[in-house]
Structures are given as structure tokens and as C-alpha cells.
Amino acid sequence: MTESNAIDALQWENRRFPPSEAFKTDTLVAGTFMYDEADADFEGFWARQAAELLDWSTPWQQVLDWDLPFAKWFVGGQLNVSYNCLDRHVLAGRGDKVAILWEGEPGDTRAVTYAELLDETQRFANVLKSLGVGKGDRVNIYLPMIPEAAIAMLACARIGAVHSVVFGGFAAHSLRDRINDAEAKVLITADGGHRRGDVFALKPVADEAVASTPGVTSVVVVRRGGNDVKMVDGRDHWYHDLMAAADPICPPDPMDAEQLLFLLYTSGTTGKPKGIMHTSGGYLTQVAFTHKYVFDLHPETDIFWCTADVGWITGHSYIVYGPLANGATQVMYEGVPNYPDNDRMWSIIEKYKVTLFYTAPTAIRTFMKWGRQEPDKHDLSSLRLLGSVGEPINPEAWMWYHEHIGGGRCPIVDTWWQTETGAIMISPLPGATTTKPGSATFALPGIGTELVDEEGRAVARGGGYLTLTRPWPAMLRGIWGDPERYRDTYWSRFEGRYFAGDGAKLDDDGYLWLLGRVDDVMNVSGHRISTTEVESALVAHPAVAEAAVVGANDPTTGQAIIAYVTLRSGAEVDEQDLRTFVGNEIGSIAKPKMIYFTPDLPKTRSGKIMRRLLRDVAEGRNLGDTSTLADASVVSELQRRAADAPHDD
Ligand code: WTA
């Protein structure tokens with residue numbers, strides 16, 4: 001083991017939050033027994049979870065068949081994923097339990113019970129069959145956040161069809177490429193949905209895409225937006241017409257544990273999006289396990305709310321499959337967090353008495369920007385646990401979340417995982433783990449992580465590359481149509497290990513601190529500095545709401561640190577003071593050379609800051625593709641300011 005300088009760790013956080021006595025009285029896991037059990041025999045551990053959490057129609061013969069990098073879990077076992085998410089709860093007498101408390105953006109609501117969800121899923125499975133969809137066929141889903149998205153996914157699972165959900169914010173060409181890569185037969189979309197007080201049309205975008213997807217023979221359209229749409233005879237069908245005519249019974253056929261459940265496209269650093277493949281038995285085991293134990297789920301009393309869109313992996317695993325497999329009741333919300341006002345999230349929590357709330361750091365920083373008076377308008381005392389996912393959470397954002405949303409009493413689970421991992425990998429267990437603000441803490445039981453340096457040597461303290469050392473049940477099974485790319489992308493950088501692309505650091509207590517993608521590591525005068533650490537230092541200033549940091553080429557220092565900063569509403573700070581502040585926080589090597597103040601940062605539609613674009617702006621390059629941006633105007637404004645900025649060499 002070495003003390004590594006692969007990435008310099010500059011900032012150490014000393015605040016600690018042990019689980020409270022109140023939380024521990026009724027928690028699922030208070031001690032370390034699960035870690036001990038999994039350490040002794042990780043295959044046996046996952047086998048026990050698979051048996052306890054799921055119903056199998058045929059038991060497996062082999063827990064794991066590992067032919068690096070290709071894994072098969074629960075070999076020979078059979079189950080039906082939709083049966084596990086629906087039928088078994090209804091058969092156990094819980095058909096009247098609400099599965100989804102849905103709230104539309106305009107304020108309309110629906111409470112969908114497990115029995116109703118099962119009924120609609122069976123009918124829609126029959127609809128798919130009538131459109132010629134069989135086992136193994138791909139179905140594309142391009143929908144707003146409405147219960148039909150879950151129904152469509154579960155209906156596919158019921159008959160062994162493979163869904164590929166494309167986020168409703170993607171443009172026609174992105175949808176077209178994903179449909180063509182998957183060679184989908186059917187597209188399920190809606191007329192439109194509600195967003196920011198308006199109706200946004202989906203069907204015309206779908207029409208434009210389907211004009212160049214020769215494989216699509218049918219388009220099913222859910223009515224939601226009420227906007228006018230053109231229906232193509234013979235190809236397009238209204239969902240409600242097909243459902244009214246559909247046979248209500250569709251038995252859940254047993255599927256092989258390794259039956260492909262879905263494809264989900266994620267962008268790589270270069271080239272075309274990768275269709276990440278997830279299968280049935282292992283995936284459902286780990287999402288059910290993590291949803292139960294990371295969120296300390298008490299399905300009889302908890303109201304869970306994950307704010308992700310179903311178009312992302314977080315929506316797949318923690319809106320659809322995890323909560324439904326565990327028989328939970330959850331909130332699903334259609335719209336944006338600031339319609340009609342900046343307190344919409346808090347009003348929903350108060351209204352439905354949400355107990356478990358799972359959101360992203362980018363959202364938390366936005367809430368910080370809007371100010372504490374927004375949550376203060378509402379009674380948030382139902383909350384008992386908070387979660388975070390998608391990016392490193394800066395310690396100050398963690399503290400704000402803890403104090404102003406969690407009322408100082410809720411444990412925070414900072415969960416690290418990826419589209420590729422399928423389910424949470426690194427996270428506290430809330431009743432057992434002492435947390436530190438900004439640290440995702442430890443690998444979950446059964447998961448093997450190790451930090452390594454450039455040469456692949458284990459790092460015991462300090463920064464390094466995050467690798468996964470053994471297979472896990474929800475791991476991706478490959479990239480659709482490209483096994484070589486799968487091996488090259490994930491399994492070739494370090495021999496025998498999965499490299500996630502993220503940097504992390506380990507502190508003296510063995511806590512893991514995620515530092516973002518390693519392509520977000522700057523090299524300043526030979527020091528490898530993580531953008532996350534500088535961002536956290538900036539956000540620690542009381543005037544700063546959000547910060548993005550990039551390394552721009554610099555003739556003297558290799559790279560120079562350039563910061564883009566958004567201030568909290570009403571706050572002011574001088575650039576020089578802020579540089580000094582960062583210097584004091586983490587050392588003068590990390591002082592930004594330039595700081596640009598901006599009302600907004602360029603983000604992808606899933607809320608990740610587009611550092612590549614900021615680097616292009618900082619280096620005065622022409623911008624390439626900005627089509628994945630949520631709001632492209634932010635970048636042109638930044639470019640204008642960069643051109644105007646004085647040079648301080
Ligand atoms: C980042 C989202 C720090 C990371 C589930 C990862 C995180 C990428 C965290 C995957 C976290 C996710 N702390 N970074 N808690 N969670 N990330 O595929 O860089 O959309 O590799 O999956 O998000 O993003 P993806």
C-alpha cells in the first residue's frame with residue numbers, strides 16, 4: 001500500500017455525524033454484521049439476499065459464473081420481474097396499498113394501487129403482444145414522468161421484452177440514434193407533458209425521429225398534454241384505445257435470471273452513446289437490497305420520493321424496480337421544482353408526508369441558491385432520511401441539506417453508483433455508519449472497492465483511481481452490440497478490475513471521498529488537483545451558491561484553475577477576496593487564476609455540470625456539440641464574458 005500522489009488530496013473534513021439514538025431504535029441494520037457476513041463469503045451473501053428479497057419460480061444452480069469481464073448471476077434460476085414488483089404484493093393481500101402517489105405539474109393527482117398497477121401492466125403486456133412484440137424484442141419508451149412510464153417498463157418485463165427508455169428531454173436525433181442502435185420495433189410516447197407551466201410536445205419529436213427508424217412498426221401514444229397531434233394511420237395508436245380493447249389477463253412467464261431486462265444509453269467521453277445492458281435476477285436483487293437497506297425502508301409506514309426522471313438509471317432503479325419490488329409507497333412528480341414557485345418540492349413533501357427523500361447535489365445547490373425561506377414555509381417534520389446521488393456533494397451543500405431540509409435530525413446517505421453499476425455501490429447504512437459531510441463513506445456489504453495509483457498499486461491514504469475488485473449482481477452485462485468496447489472501456493485500464501472513471505481519496509479512517517470523473521482532474525504545476533475540492537472550497541464561502549472549476553491550458557503552470565461561480569441571491573463578493581478564501585481553505589496552489597461570476601452554469605439535462613464546455617470557453621475554442629445542454633444560452637453568455645475579460649498574466 002502506498003500514500004499516493006496520483007491525485008493530491010488537499011482538503012480534509014472533520015465533522016462527524018453518528019446515527020442518532022432516535023434513528024437507531026427502529027433501524028434495519030444497526031451493527032456491522034452484514035459487512036462481516038459479506039466479507040466472509042460475498043457470493044453466499046448475495047445468494048441470501050436474492051432468496052430473501054425475491055420470489056423465484058426455479059431456484060438457481062450456481063450463484064456466480066465469472067469469466068472476466070463477463071458475469072452471470074444466479075445461473076439456471078428463473079423469475080419474473082413484474083411478478084416480483086406487482087403480483088406477489090397483490091397475492092399477499094396488499095392490492096389496495098398505494099404504489100404511486102402521482103402529482104402532475106399543474107396540480108392534478110392520481111393514487112395508483114398495486115392492484116391497479118398490476119391490472120394496467122397485464123393489459124399493456126397484451127397490447128405489446130398484439131403489436132408483435134415477443135421475448136427479446138426491444139421497445140423504446142419516450143414519455144414524461146407519468147405512471148404509464150412504469151407500466152410500460154413492467155409490461156415489457158412481464159413478457160421478456162427489452163425496454164430502452166430515452167429521457168423525454170432528448171431531441172429527435174438522439175431518440176432516433178438510440179432507437180436504431182437498439183433496433184426497436186415499437187415506440188411508446190405521449191402527446192406531450194407539463195413542464196414549467198407549459199405543455200411540451202413529445203409526439204412531433206417522436207414523429208421526426210421515427211421518420212428515420214425503419215425498424216419501428218408501431219407507435220403507442222399516451223394522452224397527457226392534451227396538445228394536438230397527427231396520428232399516422234396503421235402505425236400510430238392511442239394508448240387508451242388499445243388498453244380498452246386489451247385482454248386483462250397476461251400470466252407472468254418465468255424468465256431466465258440472465259434474461260436481458262433493459263438497455264439504457266449513456267454517453268461516453270467520445271463517440272456514440274453506449275447501450276448499457278442490464279439483466280433480471282442479479283439486477284433486481286441488488287436494487288431491492290439497496291433500496292431496502294440504504295434507505296432503511298419500512299414499507300408499511302414510509303413514503304419514499306426519488307426526484308430523478310425515469311429516463312435515467314436512478315429512475316429505473318429507485319422509482320420503478322427497487323421501490324416496487326419492495327412493495328413501497330412512493331411519490332412521483334411530473335414537473336420542475338420551481339413551478340409555480342420555488343417551494344414546490346417542500347410543498348409536496350408536506351402534502352404527502354414524505355419520509356425518505358432522494359435527490360441530487362445539483363438540485364440541493366439550486367435550493368441553496370433560492371434560500372432557506374423556501375423550505376421554512378413548510379412542515380418537513382415527516383422526513384426521517386435524506387439521500388444524494390449523481391455528483392460529489394460538497395460539504396457545505398451536505399450541511400445545508402442536513403440543517404434546512406433534514407432539520408438536523410435526518411441521516412444523509414450519499415450514494416455513489418453509475419448507470420453501469422445498476423445499483424448503489426458506495427453509501428452509508430444509515431443506522432450503522434457515522435457519516436462525514438461530503439463522504440460517501442464505504443462500499444456496501446458484498447461490494448469490493450479499491451483505490452489504486454497510476455500503476456495499479458493499492459492506495460491506503462490519499463487520492464487515487466476508484467476500482468471495483470469483484471463482480472456484483474447488478475453489474476452491466478455489456479454494451480449492446482459491442483463486447484470489445486465493453487472490455488476496453490471498463491476492464492482494460494487496470495488488470496482484472498473494473499475502472500469506474502472516477503477519482504476518489506481515502507482518509508485516515510478509511511472513508512471514501514469521491515472526486516468526480518478523472519477527466520475532471522487538473523494538473524497545476526505538477527499537482528493533480530480535483531475540480532471537486534476547489535469547488536467545495538468556493539461553495540464553503542457564504543456568498544457562493546454553486547461553482548464549477550476547470551483546468552485551462554496555461555503556458556506556465558500546465559493548467560490554470562478557472563472558476564465559474566454563481567452567487568446566492570442578494571449576496572456579493574469580490575473576486576480577489578474569493579481567491580484568498582480558497583487559498584485559506586485548501587492552499588494557495590488551488591487558488592483560481594480567474595473567477596467568472598455567472599447567473600447559471602451549463603448543465604446536462606440530468607444536471608451534471610458540463611466541464612468540457614467550460615474548458616472550451618476558458619481556452620477560447622469553438623464549441624462543439626451543445627445539444628445535450630439543458631440551456632444553451634448560458635454558454636454564449638459565458639463566452640461573451642470570457643472575450644471581455646482582462647488578462648492578468
Ligand atoms: C457521478 C448516476 C460522487 C460519478 C447514478 C459517476 C457521483 C457518475 C455520485 C455516474 C456520488 C454518481 N458522489 N459522484 N454520490 N453518484 N456520481 O451513470 O462520476 O448518470 O461515475 O449514474 O456520476 O453517472 P450516471
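Each ligand, and each atom within it, is numbered from 1 in the order the structure gives.
- Set against the non-hydrogen atoms of Ile313, the atoms of ligand 1 under 4.0 Å away are 5 (C), 22 (O).
- Of all the heavy atoms in Leu429 and Leu444, the pair that sits closest is CD2-CD2, 3.9 Å.
- Close approach of ligand 1 to Thr314 is summarised as follows: ligand atoms under 4.0 Å from at least one heavy atom of the residue are 5 (C).
- Checked by atom type, the side-chain pair Thr314/Tyr358 shows no donor-acceptor distance below 3.5 Å.
- In the model, Lys274 has no side-chain atom that pairs as donor or acceptor with a side-chain atom of Thr489 under 3.5 Å.
- Against a heavy-atom cut-off of under 4.0 Å, Thr415 is close to the following atoms of ligand 1: 9 (C), 11 (C), 15 (N), 16 (N).
- Donor-acceptor pairing under 3.5 Å is lacking for the side chains of Glu546 and Tyr564.
- There is a side-chain donor-acceptor pair under 3.5 Å between Thr279 and Glu258.
- When hydrogens are left out, the protein atom nearest atom 11 (C) of ligand 1 is Glu391 O, 3.4 Å; that is the closest non-hydrogen contact.
- A donor and an acceptor atom, one from each side chain of Trp491 and Tyr486, are located under 3.5 Å apart.
- For Thr419, a nitrogen or oxygen atom sits less than 3.5 Å from a nitrogen or oxygen atom of ligand 1, counting backbone and side chain alike.
- Side chains of Tyr511 and Thr435: a donor-acceptor N/O pair is absent below 3.5 angstrom, by distance only.
- In terms of protein heavy-atom proximity, atom 4 (C) of ligand 1 is nearest to Asp502 OD2, 2.8 Å.
- Protein heavy atom in closest approach to atom 20 (O) of ligand 1: Lys608 NZ, 3.5 Å.
- For the ligand labelled ligand 1, residue Gly390 lies inside the 4.0 Å heavy-atom shell.
- Residue contacts with ligand 1 do not include Thr266, since none of its heavy atoms lies under 4.0 Å from the ligand.
- Nearest to atom 10 (C) of ligand 1 by heavy-atom distance, out of Tyr318, Trp417, Trp513, Trp416, is Trp417.
- At a heavy-atom cutoff of 4.0 Å, ligand 1 is contacted by both the backbone and the side chain of Pro392.
- Between the side chains of Ser174 and Tyr265, no donor N or O sits under 3.5 Å from an acceptor N or O.
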